[in-house]
*Asks:* 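First the structure, which I've put down as structure tokens, then a few questions once you've had a look.
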Amino acid sequence: MPELSHRRRMLVLAICCMSLLIVSLDNTVLNVALPAMQRDLHASTSGLQWTIDAYTLVLASLLMLAGSTADRIGRKRVFMAGLVVFTVGSVLCSLAPNLEALIAFRMVQAVGGSMLNPVAMSIITNTFTDPRERARAIGVWGAVVGISMAAGPLVGGLLVESVGWRSIFWINLPVGLAALLLTLRFVPESRAGRARRPDPVGQLLVIALFGSLTYAIIEAPTTPFASTAPLVVVALAALTGLLLYEPRRAEPLIDLRFFRSAPFSGATVIAISAFAALGGFLFLSTLYLQNVRGLTALEAGLWMLPMAAPTFLCAPLSGRLVGTRGPRLPLLIAGGAMTASGLLFAAFDAETSNVTLVAGYALFGIGFGFVNAPITNTAVSGMPRAQAGVAAAVASTSRQLGQTLGVAVVGAVLAAGVGASSSYREMFVTAARPGWWILTVCGAAVLTLGALTSGRWARRTAERAAERLEAAEVREAAGVRA
């Protein structure tokens, strides 16, 4: 890709951030609308879980395919296709006649979304070649998540109260169309120097692993063990198949050599932990504020501002810290704040007091604001530029997988606890406590791994892994198996 002027690079960054905005905003807006959907579509707790997880599950399953495909046939081309499919999926979601149709159309949305975030990150990585400038750009990228968290609850609350929950999908249309036209005009085409071949077996194994595991977790509280046990077996078999099959391919869907880098492996697990905490946190908070406290969607959105505002403010600060001091400090701040937030809810019932509720929300917002930039920067900075799309896709997959598991596990725990009582309101705080402990463990994982994988020895493993990957790329380009 030719070197672009500073102004053109900033425009490319803005266009890529527009795609992140609609994908992220869609999730935060949807969370506020869950109680309204539950009433209108007569959905159970598991039904609400599926409206979120059907989307994140498809995203997680297809992100790596989208990243490698974009590297092969052109990032701009795949990015534009994703914008079209996502926008069409949004229209279909707004017209869904029942819960089953909504879940299906959310999956259509996710097919488009899988072509957006990892491909946009790959475009950014190849546009901003200077490490510090790239870190700042990734900080802006992370701030967009904060914007979506700040605007999502308010925008969602206003739309649900004034028009209805279907209108939350309309906001994707103007942004999606504008991003499509601007991409066509201003984003240059780019691709990897050497095309990677498709890996259909690996893709099917990923879908089997993620799908069976998520289905087993969500349906466990209401389904006999004999019915979910085969799904667990399928998940284990798929995982075993991936570990045995992928290293044998010259160009695998998941290049397991990436995980020889301690920072990359750490960033992957940190992403799963942080976004599992986010998914579970939003799910519990929305149901508590509206179904237990009896707040309207707009009031619930206002109550979530103490979480959203720090995320918005801390994300660019995290990006600057990563660029100047590395990922260690932002990860330690993120892990510490998220752990403290989880403890407030798990050990001290923070949701039952206005002061502790606001404090818990603010701490989580600070933690989540600091965690995004070091994840993304660590995932792509140590990899060869030709592998940027695949590396970014693995990081994005980790995020979506984490959010999927967070909603599935926390929702299953909540459904099991509340289902044992006839009084939803009386049992919610007690039933939700194990879920808050799970989120506390996720925060502690971010803190621990952030400390372990950001030292000198970890950086040395990243350098050695990058050298091996580059050497393998040269050998494979010459037709020699590594």
Side-chain angles (χ1 to χ4, degrees), residues 21 24-45 47-49 51-52 94 102 145-172 277-313 341-342 344-345 348-366 368-369 406-407 410-411 414 418 423-433 435-436 439:
L21 179 64
S24 299
L25 194 65
D26 201 67
N27 271 335
T28 54
V29 169
L30 181 68
N31 269 278
V32 175
L34 285 178
M37 291 179 176
Q38 186 176 34
R39 292 189 296 270
D40 191 26
L41 301 177
H42 309 290
S44 62
T45 299
L48 295 181
Q49 289 172 270
T51 61
I52 298 173
S94 70
L102 177 62
V145 177
I147 293 173
S148 71
M149 288 188 67
L154 287 178
V155 172
L158 283 169
L159 290 174
V160 171
E161 290 298 312
S162 60
V163 185
W165 65 264
R166 297 179 186 276
S167 62
I168 65 174
F169 297 104
W170 299 346
I171 57 179
N172 297 331
L278 174 66
F281 196 98
L282 291 176
F283 191 78
L284 289 176
S285 296
T286 298
L287 294 181
Y288 172 75
L289 291 172
Q290 296 188 57
N291 288 352
V292 178
R293 286 205 170 194
L295 302 179
T296 65
L298 178 57
E299 290 169 340
L302 290 170
W303 266 100
M304 294 174 73
L305 274 179
M307 176 182 62
T311 300
F312 171 65
L313 295 173
S341 173
L344 274 178
F345 288 97
F348 301 102
D349 295 337
E351 64 269 42
T352 59
S353 165
N354 289 344
V355 174
T356 52
L357 180 66
V358 170
Y361 280 2
L363 282 169
F364 190 88
I366 292 169
F368 191 74
V407 173
V410 171
L414 179 65
V418 173
S423 176
Y424 183 93
R425 294 190 177 191
E426 291 179 6
M427 286 297 298
F428 186 92
V429 173
T430 302
R433 188 173 292 116
W436 291 118
L439 304 189

*Asks:* Please identify which of these residues, V292, L48, N31, meets the side chain to side chain contact (heavy atoms under 4.5 Å, CB included) condition with L287.
*Replies:* L48
*Asks:* Could you check if a side-chain atom of W436 sits within less than 4.5 angstrom of a side-chain atom of V410, using non-hydrogen atoms only?
*Replies:* no
*Asks:* By side chain to side chain donor-acceptor pair (under 3.5 Å), which residues pair with S44, not counting sequence neighbours?
*Replies:* S46
*Asks:* List the atom pairs, donor and acceptor, that lie under 3.5 Å between side-chain atoms in residues 277-284 and the rest of the protein, sequence neighbours left out.
*Replies:*
none

*Asks:* For a quick test of reading the model, state the closest non-hydrogen atom pair linking S167 to G164 and the distance between them.
*Replies:* OG-O, 2.6 Å
*Asks:* With rounding to the nearest 0.5 Å, note down the distance linking CG in L414 to OG1 in T430.
*Replies:* 11.0 Å
*Asks:* Check whether any side-chain heavy atom of L159 lies under 4.5 Å from a side-chain heavy atom of W170, and answer yes or no.
*Replies:* no
*Asks:* Over all heavy atoms of both residues, which pair between A297 and V32 is shortest? Give the atoms and the distance, please.
*Replies:* O-CG1, 3.5 Å
*Asks:* Out of curiosity, W303 CH2 to N354 CG, how far, rounded to the nearest 0.5 Å?
*Replies:* 3.5 Å
*Asks:* With sequence neighbours excluded, tell me which residues meet side chain to side chain donor-acceptor pair (under 3.5 Å) with S285.
*Replies:* Y361
*Asks:* Could you tell me the separation between the CG atom of L34 and the OG1 atom of T51, rounded to the nearest 0.5 Å?
*Replies:* 5.0 Å
*Asks:* Nearest 0.5 Å, what's the OG1-CD distance between T356 and E351?
*Replies:* 8.0 Å
*Asks:* Could you tell me whether the side chain of S94 and the main chain of R166 form a donor-acceptor pair under 3.5 Å?
*Replies:* no
*Asks:* If the condition is side-chain contact (heavy atoms from CB on, under 4.5 Å), which residues does L21 pass it with, not counting sequence neighbours?
*Replies:* V144, I147, S148
*Asks:* Work out which heavy atom in A36 is nearest to a heavy atom in V160; give both atom names and the distance.
*Replies:* CB-CG1, 3.9 Å
*Asks:* State which residue, out of L30, L158, L25, fulfils the side chain to side chain contact (heavy atoms under 4.5 Å, CB included) condition with I168.
*Replies:* L30
*Asks:* Provide the closest heavy-atom pair for M304 versus L289 in the form atom of the first, atom of the second, distance.
*Replies:* CG-CD1, 3.8 Å
*Asks:* Could you check F345 against L357 for side chain to side chain contact (heavy atoms under 4.5 Å, CB included), going step by step and ending with a plain yes or no?
*Replies:* CA-CA 8 Å; F345 288 97; L357 180 66; 3.8 Å; yes
*Asks:* What are the two closest non-hydrogen atoms of T286 and P35, and how far apart are they?
*Replies:* CG2-CD, 3.8 Å
*Asks:* Please enumerate all residues that pass side chain to side chain donor-acceptor pair (under 3.5 Å) together with R433, with sequence neighbours excluded.
*Replies:* D349
*Asks:* Within the 4.5 Å heavy-atom criterion, are N291 and Q38 side-chain neighbours or not?
*Replies:* yes
*Asks:* Once side chain to side chain donor-acceptor pair (under 3.5 Å) is applied, do any residues pair with E299, and if so which ones, sequence neighbours excluded?
*Replies:* T296
*Asks:* Testing the basics here: between S341 and F364, what is the closest heavy-atom pair and its distance to 0.1 Å?
*Replies:* OG-CB, 3.5 Å
